[in-house]
**Student:** 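Sharing a structure below in structure tokens format, with a few things to ask.
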Amino acid sequence: MRNVILIGGAGYVGTVIAEELLRKSFNVTILDNFIYKNFNSIKHLQKNDHFKLINGNFSDLNKVNLEINDSTDVIILGGLVGDPITKKYPKLNKITNIDGIKKCIDFFENEMVGKLIFISTCSNYGLINQDLKADENFELKPLSLYAKAKVEIENFILNKQNKKINYEPIILRFATAFGLSPRMRFDLTVNEFTFDLLHKKVLEVYDPNTWRPYCHVKDFARIIFSVLNEEKNKLNFEIFNCGSDENNYRKKDIVELISNKITKTKVIFKSGDIDPRNYKVDFSKIKKKLKFKAKYPVSFGIDEIIENFNLFKNKNKKLFGNYEI
Ligand SMILES: NC(=O)c1ccc[n+]([C@@H]2O[C@H](COP(=O)([O-])OP(=O)(O)OC[C@H]3O[C@@H](n4cnc5c(N)ncnc54)[C@H](O)[C@@H]3O)[C@@H](O)[C@H]2O)c1
């Protein structure tokens, strides 16, 4: 049976990947140190005999008892995720997202693992000409501490190309996620706008014409499954943008999609250069090479939140997201 270790797997994306891989009969280990006290996110997984939890820090893997054999793959998801939280804790960003992740990757250098998948972000493209779409070879212009750290780790991995390493490194640049997860985040555009409009708040949208690609968390889980199933060493040092061309949207398009479903909303559009990121992304490589086609459009994610609104109604949004640790 194949084993997968999800580093930082108790978060928004990792828990959905864990569910999918358990469904597909993998043994799944999550290593996480629960920086948001997000213990509840994995409770339902603990009933599964093929699931194992390790409460630990990925910066110090020598201290934890990871069971690794030659059918083990590793997915690195953990860290301080997002522009606001890294801006709030810049020192921790350096300790975790740069030094910690490097130590974590180096730990696996001497272990017999198969694929080592580093989850990066399309935010690395920063701000690009709106007539263009960024493919994997496009120049990276990370604007935030968060994206700068991701680019540093991508380069750290790519610099190993001439060294002898025991694993197969793969870099996946995720679009902005949306959709339901056992560890819900309402600090991500689609989820946040839907949450606020459901609560009849006046929604202030800054820089409504800025473009961004989106992808449902379940589609990320499908991508991970297909990457894990690719033939050994076929994806060595490959980089993939993860998402789909049809899910490139401006913020105002997202507002329109939600407003079609929730009536009597009040939205104020403002320009403010609060978040200067503006990029459309080209996803033809993943479509061609991994035959990936997104199954869950943005409208599906909005419907999901509307249908499950009772779970979150009148709850403090700060409980669901990367606001503080
Ligand atoms: N959510 C998105 O929109 C999005 C978009 C692009 C890329 N990504 C990438 O996907 C990955 C997962 O994102 P997410 O939304 O699930 O984030 P998240 O914040 O929900 O999850 C991150 C997890 O990492 C854990 N963690 C933090 N520091 C740790 C440490 N030192 N040791 C062990 N665990 C630690 C946290 O406790 C948390 O459970 C990240 O690498 C992120 O950069 C996410």
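Numbers here are sequence positions counted from 1. Every number for a ligand or one of its atoms is a count from 1 in the order of the listing. Since the structure is predicted, the reported quantities are computational estimates derived from the model, not experimental observations.
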**Student:** Just to confirm my output: which protein heavy-atom neighbour is closest to atom 31 (N) of ligand 1, and how far is it?
**Tutor:**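 Closest protein heavy atom to atom 31 (N) of ligand 1: Asn57 OD1, 2.9 Å.
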**Student:** Heavy-atom contacts with Asn33 under 4.0 Å: which atoms of ligand 1 show up? List them by number with element.
**Tutor:**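 Ligand 1 atoms under the 4.0 Å threshold to Asn33: 26 (N), 27 (C), 28 (N), 29 (C), 30 (C), 31 (N), 32 (N), 33 (C), 34 (N), 35 (C), 37 (O).
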**Student:** Under 4.0 Å from a heavy atom of Ile35: give me the atoms of ligand 1 that qualify, with their elements.
**Tutor:**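 So the atoms of ligand 1 that pass are 27 (C), 36 (C), 37 (O).
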**Student:** Identify which of Phe39, Phe58, Phe178, Tyr146 has a heavy atom lying nearest to atom 44 (C) of ligand 1.
**Tutor:**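 Nearest option to atom 44 (C) of ligand 1, by heavy atoms: Tyr146.
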**Student:** For Phe195 together with Phe312, are the ring centres under 6.0 Å from each other?
**Tutor:**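 They do not qualify: ring centres at least 6.0 Å apart.
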**Student:** Below 4.0 Å from any atom of ligand 1, is there a heavy atom belonging to Gly56?
**Tutor:**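 Contact check Gly56 vs ligand 1: positive.
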**Student:** Which protein heavy atom lies closest to atom 18 (P) of ligand 1, and at what distance to 0.1 Å?
**Tutor:**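 Scanning the protein heavy atoms, the shortest distance from atom 18 (P) of ligand 1 goes to Arg183 NH1, 3.6 Å.
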**Student:** Quick check on Gly100 - does any of its heavy atoms sit under 4.0 Å from an atom of ligand 1?
**Tutor:**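 Flag not set, Gly100 not near ligand 1.
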**Student:** Report the nearest protein non-hydrogen atom to atom 16 (O) of ligand 1: residue, atom name, distance rounded to 0.1 Å.
**Tutor:**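 That would be Val13 N, 2.8 Å.
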**Student:** Counting only heavy atoms closer than 4.0 Å, does ligand 1 sit against the backbone of Leu188, its side chain, both, or neither?
**Tutor:**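 For Leu188, only side-chain atoms sit under 4.0 Å from ligand 1.
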**Student:** Can you tell which of Gly11, Ser41, Ala10 gets a heavy atom nearest to atom 21 (O) of ligand 1?
**Tutor:**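 It is Gly11 that holds the nearest heavy atom.
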**Student:** Find all atoms of ligand 1 within a distance of less than 4.0 Å from any non-hydrogen atom belonging to Val81, and give their numbers and elements.
**Tutor:**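 The list of qualifying atoms is 13 (O), 17 (O), 19 (O), 40 (C), 42 (C), 43 (O).
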**Student:** Is it true that Phe26 and His50 have ring centroids separated by less than 6.0 Å?
**Tutor:**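 Between Phe26 and His50, the centre distance exceeds or equals 6.0 Å.
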**Student:** Would you kindly specify which portion of Ala175 sits under 4.0 Å from ligand 1, judged on non-hydrogen atoms: side chain, backbone, both or neither?
**Tutor:**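 It is the backbone that gets close, since no side chain atom is under 4.0 Å.
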**Student:** What I want to check is whether the side chains of Tyr167 and Asn236 have a donor and an acceptor closer together than 3.5 Å.
**Tutor:**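 On atom types as modelled, these side chains do not qualify, holding no pair under 3.5 Å.
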**Student:** Is Arg185 in polar range of ligand 1, meaning some N or O pair under 3.5 Å apart?
**Tutor:**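 Yes, at least one N or O pair falls under 3.5 Å.
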**Student:** I'd like to know if the side chain of Tyr125 pairs up with that of Asn241 as donor and acceptor (distance under 3.5 Å, no hydrogens or angles considered).
**Tutor:**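 Yes, because at least one side-chain N or O of Tyr125 sits under 3.5 Å from a partner of the opposite role on Asn241.
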**Student:** Give a yes-or-no answer on whether the side chains of Asp207 and Thr210 include a donor-acceptor pair shorter than 3.5 Å.
**Tutor:**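 No.
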**Student:** Determine, for Lys317 against Asp187, whether the closest basic-nitrogen to carboxylate-oxygen distance falls under 4.0 angstrom.
**Tutor:**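 Salt bridge: no.
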**Student:** Checking salt bridge (Lys or Arg N to Asp or Glu O under 4.0 Å) between Glu154 and each of Lys160, Lys102, Arg173, which is the one that passes?
**Tutor:**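 The option that passes is Arg173.
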**Student:** Tell me yes or no: between the side chains of Asn40 and Lys43, is some donor less than 3.5 Å from an acceptor?
**Tutor:**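 Side-chain D/A pair, Asn40 to Lys43: present.
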**Student:** Which of the atoms in ligand 1, numbered in the order shown and given with their element, are less than 4.0 Å from a heavy-atom of Phe34?
**Tutor:**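 That gives atoms 37 (O) of ligand 1.
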**Student:** List the steps and the verdict of side chain to side chain donor-acceptor pair (under 3.5 Å) for Asp83 and Ser144.
**Tutor:** CA-CA 6 Å; Asp83 295 3; Ser144 59; 2.9 Å; yes
**Student:** Looking only at side chains, do Asn27 and Lys52 share a donor and an acceptor under 3.5 Å apart?
**Tutor:**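 No, Lys52 and Asn27 have no side-chain donor paired with an acceptor closer than 3.5 Å.
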**Student:** The test is side chain to side chain contact (heavy atoms under 4.5 Å, CB included); show your working for Arg222 and Tyr296 and say whether it passes.
**Tutor:** CA-CA 11 Å; Arg222 291 173 59 232; Tyr296 305 98; 4.3 Å; yes
**Student:** Is Arg183 positioned over the aromatic face of Tyr36, cation under 6.0 angstrom from the ring centre and no more than 45 degrees off axis?
**Tutor:**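 Here Arg183 passes the 6.0 Å and 45° test against Tyr36.
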**Student:** For ligand 1, which atoms, with element, lie under 4.0 Å from some heavy atom of Phe174?
**Tutor:**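 Heavy-atom distances to Phe174 below 4.0 Å select 6 (C), 7 (C).
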**Student:** If I take atom CD1 from residue Ile258 and atom OG from residue Ser299, how far apart are they, to the nearest 0.5 angstrom?
**Tutor:**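 These two atoms lie 11.0 Å from each other.
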**Student:** On a heavy-atom basis, I'd like to know which of Ser181, Gly14, Ser120, Cys122 is closest to atom 7 (C) of ligand 1.
**Tutor:**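 Checking each option, the heavy atom nearest atom 7 (C) of ligand 1 is found in Ser120.
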**Student:** Looking only at protein heavy atoms, which one is nearest to atom 11 (C) of ligand 1, and how far off is it?
**Tutor:**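 Answer, as residue, atom name and distance: Leu77 O, 3.3 Å.
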**Student:** Classify the ring geometry between His199 and Phe309 as parallel (under 30°), tilted (30 to 60°) or perpendicular (over 60°).
**Tutor:**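 Taking Phe309 first and then His199, their aromatic rings stand perpendicular (interplane angle over 60°).
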**Student:** With a 4.0 Å cut-off on N to O distance, would you call Lys285 and Asp135 a salt bridge?
**Tutor:**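 Not counted as a salt bridge, because no side-chain N and carboxylate O are separated by less than 4.0 Å.
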**Student:** Check each heavy atom of Leu80 against ligand 1 and say whether those closer than 4.0 Å belong to the side chain, the backbone, both or neither.
**Tutor:**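 Contact part for Leu80 vs ligand 1: neither.
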**Student:** Check whether any N or O atom of Thr96, backbone or side chain, sits under 3.5 Å from an N or O atom of ligand 1, and answer yes or no.
**Tutor:**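 In fact, backbone or side chain, Thr96 has no N or O that close.
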**Student:** In ligand 1, which numbered atoms sit nearer than 4.0 Å to a non-hydrogen atom of Ala177?
**Tutor:**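 By the 4.0 Å cutoff, the relevant atoms are 1 (N), 2 (C), 3 (O).
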**Student:** Checking contacts here: is it the side chain or the backbone of Asn322 that comes within 4.0 Å of ligand 1, counting heavy atoms only? Could be both or neither.
**Tutor:**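 The side chain, only.
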**Student:** Counting only heavy atoms, tell me which of Asp32, Asn97, Ile95 gets closest to atom 37 (O) of ligand 1.
**Tutor:**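 Heavy atom nearest to atom 37 (O) of ligand 1 belongs to Asp32.
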**Student:** For Val4 and Thr29, run side chain to side chain contact (heavy atoms under 4.5 Å, CB included): C-alpha distance rounded to whole Å, both residues' side-chain angles, the deciding distance at 0.1 Å, then the answer.
**Tutor:** CA-CA 6 Å; Val4 176; Thr29 300; over 6 Å; no
**Student:** Of all the non-hydrogen atoms in the protein, which one sits nearest to atom 10 (O) of ligand 1, and at what distance?
**Tutor:**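 For atom 10 (O) of ligand 1, the nearest protein heavy atom comes out as Ile119 CG2, 3.4 Å.
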**Student:** Under 6.0 Å from the six-membered ring centre of Phe269 and within 45° of its axis: does the NZ or CZ of Lys252 meet both?
**Tutor:**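 No, cation not above the ring by the 6.0 Å, 45° rule.
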**Student:** Side chain, backbone, both or neither: which part of Tyr12 has a heavy atom under 4.0 Å from ligand 1?
**Tutor:**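 Contact part for Tyr12 vs ligand 1: both backbone and side chain.
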**Student:** Using a heavy-atom cut-off of under 4.0 Å, does the side chain or the backbone of Arg173 touch ligand 1, or both, or neither?
**Tutor:**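 Looking at Arg173 and ligand 1, no heavy atom falls under 4.0 Å.
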**Student:** List every atom of ligand 1 that sits less than 4.0 Å from any heavy atom of Tyr36, numbering the atoms from 1 in the order shown and giving each element.
**Tutor:**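 Counting from 1, the qualifying ligand atoms are 19 (O).
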**Student:** Nearest protein heavy-atom contact for atom 23 (C) of ligand 1: which residue, which atom, what distance?
**Tutor:**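 Protein heavy atom with the smallest distance to atom 23 (C) of ligand 1: Gly8 O, 3.5 Å.
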**Student:** Checking the N or O distance criterion of under 3.5 Å, is ligand 1 in contact with Thr121?
**Tutor:**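 No; the residue has no nitrogen or oxygen that sits under 3.5 Å from a nitrogen or oxygen of the ligand.
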**Student:** Heavy-atom contacts with Gly78 under 4.0 Å: which atoms of ligand 1 show up? List them by number with element.
**Tutor:**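 Selected atoms, number and element: 24 (O).
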